[in-house]
S.K.: 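Encoded as structure tokens, here's the structure I'll be asking about.
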Amino acid sequence: MAAEPESEDGAEKRRAGANGAEKRRAGANGAEGRDERGAEGEAVDERGEDGDGERGGRRKEDADEVGEEERREEQASDDRGGKEAAEEENEVEGGREAAEEGREPEDGQGKEGEDEEYEDGNEKAYTDGEEEDEGEEDDEREEGEEEDEEDEEEEEEGEEGDYDDQSPVEEVALTVATFDDPALPCFTYRVMIIGSIVCALLAFVNQYFWFRTQSIIINPIAAIILSLYMGRLLARIERRYFNPDALPFSVKEHVLIGIFANCGSAFGNGNAYAIDIVTIMKQFYNVQLGFFPAFLLVTTTQVLGYGWAGLFRRYLVRRRAGRGGALSLTLHESDTPARGMLTRAHFFFLITAISFCWYLVPGYLIPIVSCLSWVCWVWPTSITAQQLGSGLRGMGLGAITLDWATMSAFLSSPLAAPWFAILNIAVGFALFLYVLVPICYWGDVFAATRFPFLSSGTYQWSGALYPVDEIITSDFRLNETMYAQQNLAPYISVFFALAYGLGFAALTATVVHVALWYGPEIYQRTMSAATEVKPDVHTRLMQRYPKVPWWWFLILLLVNLAVCIAFLELNAFFQLPWWGLLLSAALSLFFTLPIGIVTATTNQQPGLNIITEMIWGYIRPGEPIGNVCFKTYGYISMTQAIAFLQDFKLGHYMKVDPPQAMFAVQVFATILAGLVNLGTAWWLYDTVEGGLICKINDENFPENSPWTCPTANVFYSASIIWGLIGPERMFGPNAFYNNLNWWFLGGALAPIPFWALHKLWPRQTWLTKVHIPVMLTGVGMMPPATPINYIGWITMGFIFNKLIFTYRKDWWRRYNYVLSAALDSGVMFMALFIFFGAQVETPSVSLAWWGAGVTSSDNCPLAMCPTDPSAITTVISACPTYAGS
């Protein structure tokens with residue numbers, strides 16, 4: 001039945017509970033707020049399709065018929081009488097439909113989609129199904145008075161009926177509200193205090209984990225959930241002791257704190273990318289690097305891309321297909337669970353406690369449960385069996401992980417990626433590791449059997465480790481004479497070589513894929529410089545707020561470039577001249593848009609790391625540190641620009657006002673996070689393993705130490721291949737790996753067949769889900785990622801983002817991201833407890849038994865052995881001196 005109008009006394013209580021928010025809306029945003037709420041009510045009507053298919057479609061058709069009838073009657077009516085008749089008919093139709101289906105009217109059926117105002121001064125929360133009847137008749141009457149004028153404007157623009165008041169991305173539609181309350185507090189002292197705390201905490205924890213073998217990245221959602229309760233507590237303290245009229249902690253404040261958290265986790269990447277430059281300079285090349293130059297390097301690489309991010313706001317912030325706001329925006333909804341279900345808060349703390357207790361098992365007591373490679377244990381003397389079964393150094397056939405840290409390491413949380421992206425990565429992973437790599441390895445392509453099956457190291461032809469110290473000068477350049485005399489060409493495993501081939505293909509595939517699928521949209525938005533193409537409700541609501549001036553971005557860019565040029569020229573050991581910096585920035589700028597579109601659509605990001613190091617390797621070979629610096633400025637500047645815009649997208653969905661607050665928060669938080677990242681790493685260099693952290697090839701490095709720094713070691717190998725030796729010697733016309741250059745062409749051709757098939761059969765929607773760049777880029781995380789990371793990640797993604805999302809959508813919507821955050825939180829707290837309780841002062845305190853991985857991390861030592869009888873087997877002492885299987 002139709003809801004009855006609320007009494008004046010009830011309305012008065014609700015207004016009093018908002019602590020004066022209604023008065024502010026009436027004074028500052030009166031007419032505009034009512035107009036927007038009218039649009040929002042229509043938006044909620046359109047969300048009929050979010051329910052069951054047939055009922056949702058019927059509600060939408062009824063709503064359309066009612067809207068047309070209202071316009072006809074309003075045109076025929078003399079003044080208010082026609083509008084009142086239309087309102088009555090709307091209410092009757094909504095009540096009739098509800099009666100037919102045996103339910104109460106939903107949002108948008110005879111009422112406006114306003115946000116719920118909690119009693120007793122609690123904050124307004126974005127709700128998904130709560131009825132709001134206050135002022136219903138007045139609002140509908142005011143809406144009717146404005147409809148004629150709005151319809152005329154839409155007809156003049158030729159866009160009547162074109163507005164879509166909901167995101168086409170279902171995850172966003174399920175979590176993001178289509179209305180705004182300008183009275184909510186936003187950029188407050190609470191944001192700065194709580195945001196700085198969570199940013200620094202995440203930066204410290206993620207940097208700590210970065211050096212470990214399973215370098216789990218603590219998702220910012222965990223901090224976002226905790227900050228919700230911190231914000232509410234701070235608001236209560238303020239109201240009780242300082243300001244009784246203080247406004248409650250709002251969702252807009254929470255979003256800005258979430259941006260602090262994103263910066264603290266380097267937007268899900270864990271830490272500042274340039275930390276790996278600092279690590280290889282101090283731990284591998286033994287450069288006497290001071291803290292202040294290192295800080296400038298870290299800060300400028302993280303902030304430079306923000307300078308040109310403003311150029312792409314039209315394409316990446318206001319794109320209707322973006323996923324930027326779909327992760328944790330349900331936290332401010334009414335948390336009243338159905339019978340037999342927990343509140344989100346109870347669920348979060350329960351799972352956090354379980355995760356905390358369980359991680360003691362893989363983190364300390366029985367580490368081998370992180371990778372149960374049982375095939376190796378069945379055939380303990382077979383190299384081939386261990387190459388097939390090892391989840392860390394082989395193909396991982398049959399391998400199982402019971403460790404959340406392993407599942408979410410390198411690839412971030414599997415619960416946060418859309419299923420079609422997970423499926424694309426799964427297909428790419430299977431084709432690469434279970435088809436291509438075995439064919440090439442046992443076919444002895446690139447002399448594969450002389451080297452380990454899965455390794456990111458560099459070797460001599462004999463199979464021995466590459467002697468970098470013999471061919472590098474005191475100023476960290478290639479000693480051409482020694483290199484020529486000893487003929488020390490480096491070699492890599494076929495797995496590592498093919499991983500580089502995937503990187504080549506991913507770059508060209510990204511450009512072609514975006515041109516084919518999104519080229520018309522890019523062109524349309526470029527041509528429409530003054531108007532928005534079919535803006536959704538979120539874009540229309542944000543039009544009330546002033547945009548961030550373009551010159552803010554320009555000043556930020558110029559200041560960063562000036563600082564970069566100054567400290568690079570003053571510190572010659574960085575080996576990057578000023579014109580190299582400008583070239584890397586131009587390259588990053590060019591790829592920001594196409595890669596940004598892929599990221600916004602799939603939540604997966606192709607990288608520029610390979611192409612940048614290749615370009616600089618051809619321009620300035622023999623300079624390893626200059627190569628990684630050029631790569632970082634060229635690659636991470638683009639990544640940071642896209643991440644900056646993703647946070648703007650989040651603020652866009654949540655109507656953060658003013659947008660200038662997002663700009664200021666991101667710049668400040670990024671600098672703070674970089675400082676904490678560097679300080680933590682600097683401390684660990686001298687504290688862990690007697691200063692041998694990351695030096696896995698040092699003879700004094702403890703066996704089975706968790707401080708192997710897998711990413712830093714890959715970074716070091718890349719500096720040798722692309723910087724010290726150079727791509728001309730590695731991939732040039734006469735080089736051993738020159739055939740890998742054909743992957744550039746293969747990547748460019750790969751998206752074309754699926755695009756062409758879609759044009760021939762447009763109703764085959766599955767073709768739109770075939771995403772070649774995601775297939776290639778997702779697998780590109782190996783190395784440093786290992787097969788067990790992918791196996792666990794894909795399995796969890798299938799369970800939660802396919803099965804549960806499809807068959808238990810209400811549960812998924814309520815708990816999915818909370819579960820991810822809780823699992824991260826439990827692992828984080830237990831890992832820190834283990835480190836400070838048993839490892840920081842006495843690193844030798846560990847359990848030495850079979851379950852701790854005595855012979856290797858998964859008890860598959862022979863997986864690293866070469867199978868060529870002539871290869872030297874000094875890499876692993878357990879390897880036989882002849883080929884065995």
S.K.: Indicate the ring-plane relationship of F211 and Y685, choosing parallel, tilted or perpendicular according to the 30° and 60° boundaries.
M.R.: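 The arrangement is tilted - the two ring planes meet at 30° to 60°.
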S.K.: Any side-chain heavy-atom pair from F284 and V468 closer than 4.5 angstrom?
M.R.: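 No; the side chains remain at least 4.5 Å from each other.
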S.K.: As a test of understanding, state which of D276, T279, N677 forms a side chain to side chain donor-acceptor pair (under 3.5 Å) with W210.
M.R.: D276
S.K.: With distance as the sole test, does S413 use its side chain to make a donor-acceptor pair with the main-chain N or O of S408 at under 3.5 Å?
M.R.: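 No; judged by distance alone, with no hydrogens or angles, the pair does not exist.
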S.K.: When rounded to the nearest 0.5 angstrom, what is the spacing between CD1 in I280 and SG in C709?
M.R.: 12.0 Å
S.K.: Go through the steps to decide whether T213 and T708 satisfy the test side-chain hydrogen bond (donor to acceptor under 3.5 Å, both in side chains), and finish with yes or no.
M.R.: CA-CA 5 Å; T213 302; T708 58; 2.8 Å; yes
S.K.: So, do Q207 and I275 sit near enough that their side-chain heavy atoms are less than 4.5 Å apart?
M.R.: yes
S.K.: Give the ring-plane orientation class for F504 versus F731, where under 30° counts as parallel, over 60° as perpendicular and anything between as tilted.
M.R.: perpendicular
S.K.: According to the interplanar angle, ranging from 0 to 90°, do the rings of F644 and Y306 count as parallel (below 30°), tilted (30 to 60°) or perpendicular (above 60°)?
M.R.: tilted
S.K.: For the cysteine pair C199 and C263, state whether the SG atoms are less than 2.5 angstrom apart.
M.R.: no
S.K.: Given side chain to side chain contact (heavy atoms under 4.5 Å, CB included), test I492 with I721 step by step and report yes or no.
M.R.: CA-CA 9 Å; I492 55 180; I721 294 168; 3.7 Å; yes
S.K.: When you measure from the side chain of T300 to the backbone N and O of C564, does any donor-acceptor pair fall under 3.5 Å?
M.R.: no
S.K.: Looking only at non-hydrogen atoms, find the nearest pair between A669 and F260 and report the distance.
M.R.: CB-CD2, 3.5 Å
S.K.: Taking C694's backbone N and O only, do any of them form a donor-acceptor pair with N713's side chain (distance below 3.5 Å, no angle check)?
M.R.: yes
S.K.: If I compare all heavy atoms of L202 with all of A223, which pair ends up nearest, and what's the gap?
M.R.: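 Taking L202 first and A223 second, the nearest heavy atoms are CD1-CB, 3.7 Å.
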S.K.: Counting N and O atoms only, with roles assigned by atom type, does the side chain of S637 sit under 3.5 Å from a partner on the main chain of G634, one being a donor and the other an acceptor?
M.R.: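 No; judged by distance alone, with no hydrogens or angles, the pair does not exist.
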S.K.: Within a strict 4.5 Å, meaning less than it, do heavy atoms of the F663 and F553 side chains meet?
M.R.: yes
S.K.: Give a yes or no answer on whether the side chain of S588 reaches the backbone of M638 with a donor-acceptor pair at less than 3.5 Å.
M.R.: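 Flag set: sc S588 to bb M638 pair under 3.5 Å.
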S.K.: Check the pair V205 / T680 against side chain to side chain contact (heavy atoms under 4.5 Å, CB included), numbers first and verdict last.
M.R.: CA-CA 9 Å; V205 171; T680 304; over 6 Å; no
S.K.: If you compare all heavy atoms of S717 against all heavy atoms of F496, which two are closest, and at what distance to 0.1 Å?
M.R.: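 S717 and F496 have their closest heavy atoms at CB-CE2, 4.2 Å.
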S.K.: Looking at side-chain heavy atoms only, is the closest gap between W552 and Q660 below 4.5 Å?
M.R.: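 Yes - at least one pair of side-chain heavy atoms lies under 4.5 Å apart.
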S.K.: Does the side chain of Y285 pick up a donor-acceptor pair with the side chain of S719 at under 3.5 Å?
M.R.: yes
S.K.: Can you check whether Y635's main-chain N or O pairs, donor with acceptor, with T639's side chain at less than 3.5 Å?
M.R.: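 Looks like yes, one N/O pair under 3.5 Å.
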S.K.: Report yes if some heavy atom in the side chain of T632 is under 4.5 Å from a heavy atom in the side chain of F715; otherwise report no.
M.R.: yes
S.K.: Y500 and ring-ring contact (aromatic ring centres under 6.0 Å, His included): which partner among F495, Y737, W722?
M.R.: W722
S.K.: With a 3.5 Å distance limit and no angle check, can you tell me whether S584 reaches the backbone of L581 through a side-chain donor-acceptor pair?
M.R.: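 Yes, the answer is positive, given that a donor and an acceptor are paired below the 3.5 Å cut-off.
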S.K.: Are T612 and Y633 close enough that a side-chain donor and a side-chain acceptor fall under 3.5 Å?
M.R.: no
S.K.: Cation over ring, K631 on Y273, under 6.0 Å and within 45°?
M.R.: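 Output no; distance or angle outside limits.
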S.K.: Could you check V628 against F574 for side chain to side chain contact (heavy atoms under 4.5 Å, CB included), going step by step and ending with a plain yes or no?
M.R.: CA-CA 9 Å; V628 294; F574 286 119; over 6 Å; no
S.K.: Is any side-chain heavy atom of R477 closer than 4.5 Å to one of I472?
M.R.: no
S.K.: Got a donor-acceptor contact below 3.5 angstrom from the Q283 side chain to the G691 backbone?
M.R.: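 A pair under 3.5 Å: yes.
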S.K.: Let me see the working for I619 and F630 under side chain to side chain contact (heavy atoms under 4.5 Å, CB included), right down to the final yes or no.
M.R.: CA-CA 11 Å; I619 295 175; F630 182 89; 5.7 Å; no
S.K.: Are W308 and F590 close enough that their ring centers fall under 6.0 Å?
M.R.: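 For W308 and F590, the ring centres are not under 6.0 Å apart.
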S.K.: Nearest 0.5 Å, what's the CG-CG distance between L568 and L296?
M.R.: 9.5 Å
S.K.: I want to check a possible cation-pi pair here: R729 against Y483, using under 6.0 Å from ring centre and within 45° of the ring axis as the test.
M.R.: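 Relative to the ring axis of Y483, which defines the angle, R729 lies inside both limits.
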S.K.: What is the distance from atom CD1 of I471 to atom CG of N479, rounded to the nearest 0.5 Å?
M.R.: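 Rounded to the nearest 0.5 Å, the CD1-CG separation comes to 8.5 Å.
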S.K.: Does a side-chain heavy-atom distance below 4.5 Å link Y790 with M781?
M.R.: yes
S.K.: Under 3.5 Å, is there a donor-acceptor pair between the side chain of N571 and the main chain of F573?
M.R.: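 No, the answer is negative, given that no donor and acceptor are paired below the 3.5 Å cut-off.
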S.K.: Would you say that Y618 contacts E728 through its side chain, given a criterion of any heavy-atom pair below 4.5 Å between the two side chains?
M.R.: yes
S.K.: Centroid-to-centroid, F736 to Y491, below 6.0 Å?
M.R.: yes
S.K.: Out of curiosity, Q666 CD to L256 CG, how far, rounded to the nearest 0.5 Å?
M.R.: 9.5 Å
S.K.: Determine the minimum heavy-atom distance between V676 and A200, stating which atoms define it.
M.R.: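 Distance-wise, the nearest heavy atoms are CG1-O, 3.5 Å.
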S.K.: Cation-pi between K282 and W682: NZ/CZ under 6.0 Å from ring centre and within 45° of the ring axis?
M.R.: yes
S.K.: Atom CD1 in I615, atom CG in N627: separation rounded to 0.5 Å?
M.R.: 10.5 Å
S.K.: Which heavy atom of P624 sits nearest to which heavy atom of Q575, and what is that distance?
M.R.: N-OE1, 3.6 Å
S.K.: Please report the interatomic distance CG(N560) to CD(Q302), rounded to the nearest 0.5 Å.
M.R.: 11.0 Å
S.K.: Flag the pair Y459 / Y466 as yes when their ring centroid distance falls below 6.0 Å, and as no otherwise.
M.R.: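 Ring centres of Y466 and Y459 not closer than 6.0 Å.
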S.K.: On a heavy-atom basis, which atom in G732 and which in N738 lie closest, and how many Å separate them?
M.R.: O-CB, 2.8 Å
S.K.: With distance as the sole test, does N789 use its side chain to make a donor-acceptor pair with the main-chain N or O of T786 at under 3.5 Å?
M.R.: yes
